Each structure stands twice: as structure tokens, then as C-alpha cells.
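Inspection log for the structure reproduced underneath, given as C-alpha cells.
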Amino acid sequence: MNRRNLFGAAVALIAAIGLVGCKEEKAASEQAAAKPAETVHWKMVTSWPKNFPGLGTAAERLAERINAMSAGRLTVKVYAAGELVPALEVFDAVSRGTAEMGHGTPYYWKGKVPAAQFFSSVPFGLSTLEMNAWLSKGGGQALWDETYAPFGVKPLSAGNTTMQMGGWFNKEINSLGDIKGLKIRMPGLGGEVWSKLGAITVNLPGGEIFTSLQTGAIDATDWVGPYNDLAFGLHKAAKYYYFPGWQEPQAVVESMVNQKAFDALPADLQAIVVEAARAATLDMMDDYVFNNAKALQSLKSEGVQFKRLPDEVLQAMREQSNVVLESLAAENDLNGRIWASQKAFLEEASAMQALTEKELYNWR
């Protein structure tokens, strides 16, 4: 075989090998495309009635967002309070792995995790924007992670109800003396403050509030604000609607994730869970600002009596709030570090807000 023929044969051989390689690569590609991506199925248990405006619907939207962002590779089925576990047992269910996700608010678990209350709402504390900033930029998230780590739970902010109202009352509060013996549904640190002033506090899930108020089992209750309170019909069970919401100047709604389940996800799905929760926070803030304004007008048209808590009462509540917070902070090193961090940022943020938002609100 001469050189020209040898070269031609070599070229043909290389082409043939390349063609075979292309066919194999194409076949492998087609096979991979035909094989469906592995799908992970999670359960999310919540503390809210099914499809309850703002809270229940936020859990549903979070699940839908995760499903859409993952193109169906991670699907989340939502269970309302009582469908899989009771409203106040969501944290335990996620910790045990009964469900991979939970949706509630941190102070509901104060009996098991007292420090969780710092990450929900602090009386006379951070505003919604300030709380979000402390969590994401001020070291709050790392402290939250540390708080839940012993229980195998990863916490994420997944909403905020913004500033709440002071609550619904069937008895007028004209002085500190009117608080003695008052039976009030008030969870979290705000409830401890009421107790110190002589009230009898109870912690009830949302679904039991209306009946308890209507039957006289309780004299008063906080819930959230006009948007949710109107949906529960609380204006039909109580005479007076008090403000301001000193006990919850904001309220974080959290998405809890079982740490083992989270660690088992590939990196991109982990990022989707985290970013979907972050997006849910902004979505809920928008939802509450918009719908609270509309619901407030509806309550006014229903003849609701709006009342401001007397200065004497607010002053006493502020003083007792400091006592409660310092006592909680003194329980252990972690509590102390959380409160020191949050209090330091509160002082810094307050100086800024005094020059900006406070002045605007006073004048507009």
C-alpha cells in the first residue's frame, strides 16, 4: 500500500471511530434524557388552619415555590394543623423526622426551647425590617442555628406578620387594676409580661380562639392583626380592639427543616429551599401590609371599638418586659449572647429610625 492509500485508510478509520463515538454519546444522552430525574417528596406540617389567610396560604405558597424552582425534583405536601400533628407539636414532628418541614412561629416551642422566643418577637423590640436585618446581617441566623441544632432542626425565616395589634378584649383596660385576674390568650414573652401584672395567661392554637372568647373561657386574646382577626370573626366575639401591639412589634413565621433531610439534598436543592423561604418572607410582608389596611376599614365599618392602652399600662408593660427579657437572658450563656446581640442592634437601629421613619410617620 502506498503512502497516499495508507493516509486515506487512516482518515477513514478515524472518521469511523468518531462516528461510532458520536452515536454512543447521542445514545447515552438520549438515555439520560429519557430517565426521569430523581424526585424527593417531603411533608410540611403547620400550626395553621387549612388555607387560613396569610399564614396557612403562606405555607401553601412556599411549597408551590419550592416545587416550581426545583422543576418538580423536590415536592412538598402541606398538612394543616391537626391533619398530621397538632398545631403546637410541629417542632417535635420536624425534630423526630415525622415531617421534613414545619411552618409555625418560634415562641410556640418555648416549653422545649425557651430561647426560641428571641427569634419570634420581643416586646417593645425590633421592627419587621430590623428583625430581618439582624437575622441576615447581624449574626442572628447563626445564633438561631445554634439554638435549634441540638434538636436536629434547621430554622429559616419564611414570613413576618409585621406589627400586630394589642388584642381583643371583653373587658375595658383603664388602669393596671383592670389587669388583675384577666384571663387572656397570649403566647410568648408578651404572655409572661401580662402574668407579671396579674393576668392569667393561656396558650391556645388559632383554631380554638374564637370559641374560647365567645364562651367566656377567656376574657381577651391577641391573635395577629386586622387581616387575620377579621378572617376569624373575632370582632363578633369581643367588644374592644386594643392597640398598640407592644408585645409583637413584628412576628417571624418560620420554616423548620429536619437537618438530616436537608443534608441529604444536593447543593442546588438546598439553595432552593433557603431562597424559597427568603422569598416567602417578603411575600408575607407584602400580604400583611396590603390586607391589614383593607381589613382595618372593614372592621371600622362593623362598628368595632378601637382603644389605646393607657400610658400607665404601657409604661408598666415596658418595665416588666425588661425584667422578663433580662431574666430569660440570664438562664444560660446562649440566651445571654442572643439577647446581647439583639439588644445591641436594637439600640443602633433605634437611633437611625428616630431620624427617619419615626419623623415621617409623625408628619405624614
Side-chain angles (χ1 to χ4, degrees), residues 54-55 104-110 113-148 155-167 186-193 222 224-225 243-255 277-278 280-289 292 309 314-315 317-329 334-362:
L55 297 168
T105 190
Y107 59 43
Y108 280 178
W109 338 122
K110 74 173 189 175
V113 196
Q117 297 172 95
F118 286 118
F119 302 99
S120 185
S121 192
V122 169
F124 298 98
L126 297 171
S127 70
T128 303
L129 293 179
E130 291 164 350
M131 185 65 171
N132 289 343
W134 177 68
L135 286 173
S136 65
K137 304 295 182 183
Q141 184 65 53
L143 290 165
W144 200 4
D145 291 341
E146 184 179 350
T147 301
Y148 281 16
L156 296 168
S157 174
N160 198 299
T161 63
T162 69
M163 186 167 184
Q164 301 194 4
M165 291 287 283
M186 176 76 71
L189 296 167
E192 293 186 36
V193 173
D222 84 322
V224 184
F243 64 93
W246 59 273
Q247 79 286 1
E248 294 190 45
Q250 58 78 39
V252 170
V253 174
E254 66 182 343
S255 172
R278 187 172 176 84
T281 296
L282 179 59
D283 183 55
M284 185 182 285
M285 289 165 57
D286 294 345
D287 198 20
Y288 274 82
V289 171
N292 272 335
L309 288 167
L314 287 170
Q315 179 62 33
M317 287 174 168
R318 182 178 176 83
E319 292 170 358
Q320 291 303 320
S321 292
N322 290 333
V323 172
V324 167
L325 287 163
E326 293 298 333
S327 176
L328 180 60
L334 176 59
N335 288 17
R337 287 188 287 114
I338 295 169
W339 180 227
S341 174
Q342 193 174 114
K343 185 164 59 172
F345 182 64
L346 174 60
E347 292 174 359
E348 293 178 352
S350 295
M352 181 63 186
Q353 303 305 351
L355 301 177
T356 54
E357 294 193 34
K358 183 177 180 180
E359 285 296 317
L360 172 64
Y361 292 155
N362 286 341

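The structure displayed is predicted, hence computed values, not measured ones. Both backbone and side-chain heavy atoms feed into the values below; hydrogens, waters and symmetry mates do not.
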TODO: Kindly determine whether Tyr288 and Thr128 satisfy side-chain contact (heavy atoms from CB on, under 4.5 Å), including the steps that lead there.
DONE: CA-CA 11 Å; Tyr288 274 82; Thr128 303; over 6 Å; no
- [ ] Apply the test side-chain contact (heavy atoms from CB on, under 4.5 Å) to residues Met284 and Leu55: give CA-CA distance (whole Å), side-chain angles for both, the deciding distance (0.1 Å), then the verdict.
- [x] CA-CA 8 Å; Met284 185 182 285; Leu55 297 168; 4.3 Å; yes
TODO: State which residues pass ring pair (Phe, Tyr, Trp, His ring centres under 6.0 Å) with Phe124; sequence neighbours excluded, sorted by chain then number.
DONE: Trp246
- [ ] Find out whether Gln164 and Ser121 are in side-chain contact, i.e. whether some heavy atom of one side chain is under 4.5 Å from a heavy atom of the other.
- [x] no
TODO: Would you sort out whether Trp134 and Leu346 count as a side-chain contact (heavy atoms from CB on, under 4.5 Å), showing the intermediate values?
DONE: CA-CA 9 Å; Trp134 177 68; Leu346 174 60; over 6 Å; no
Open item on the list: Which heavy atom of Asp145 sits nearest to which heavy atom of Pro155, and what is that distance?
Closed with: OD1-CD, 3.4 Å
Open item on the list: With salt bridge (charged side-chain N to carboxylate O under 4.0 Å, His left out) as the rule and sequence neighbours excluded, what pairs involving residues 335-350 come up?
Closed with: Glu146-Arg337, Glu326-Lys343, Asp333-Arg337
Task: Option from Asn160, Thr161, Thr281 for which side-chain contact (heavy atoms from CB on, under 4.5 Å) with Val252 holds - done: Asn160
Open item on the list: Using every non-hydrogen atom in the two residues, find where Gln247 and Met165 come nearest and quote the distance to one decimal.
Closed with: NE2-O, 2.9 Å
TODO: Given side-chain contact (heavy atoms from CB on, under 4.5 Å), test Met131 with Val122 step by step and report yes or no.
DONE: CA-CA 10 Å; Met131 185 65 171; Val122 169; over 6 Å; no
Task: Spatial distance of atom CD (Glu254) from atom OG (Ser120) [nearest 0.5 Å] - done: 7.5 Å
- [ ] For Tyr107, enumerate each residue passing the ring pair (Phe, Tyr, Trp, His ring centres under 6.0 Å) test, keeping only those at least two apart in sequence or located in another chain.
- [x] none
- [ ] Start with the C-alpha gap between Phe119 and Trp144, add the side-chain angles, then the distance that decides, and say whether ring pair (Phe, Tyr, Trp, His ring centres under 6.0 Å) holds.
- [x] CA-CA 7 Å; Phe119 302 99; Trp144 200 4; 5.5 Å; yes
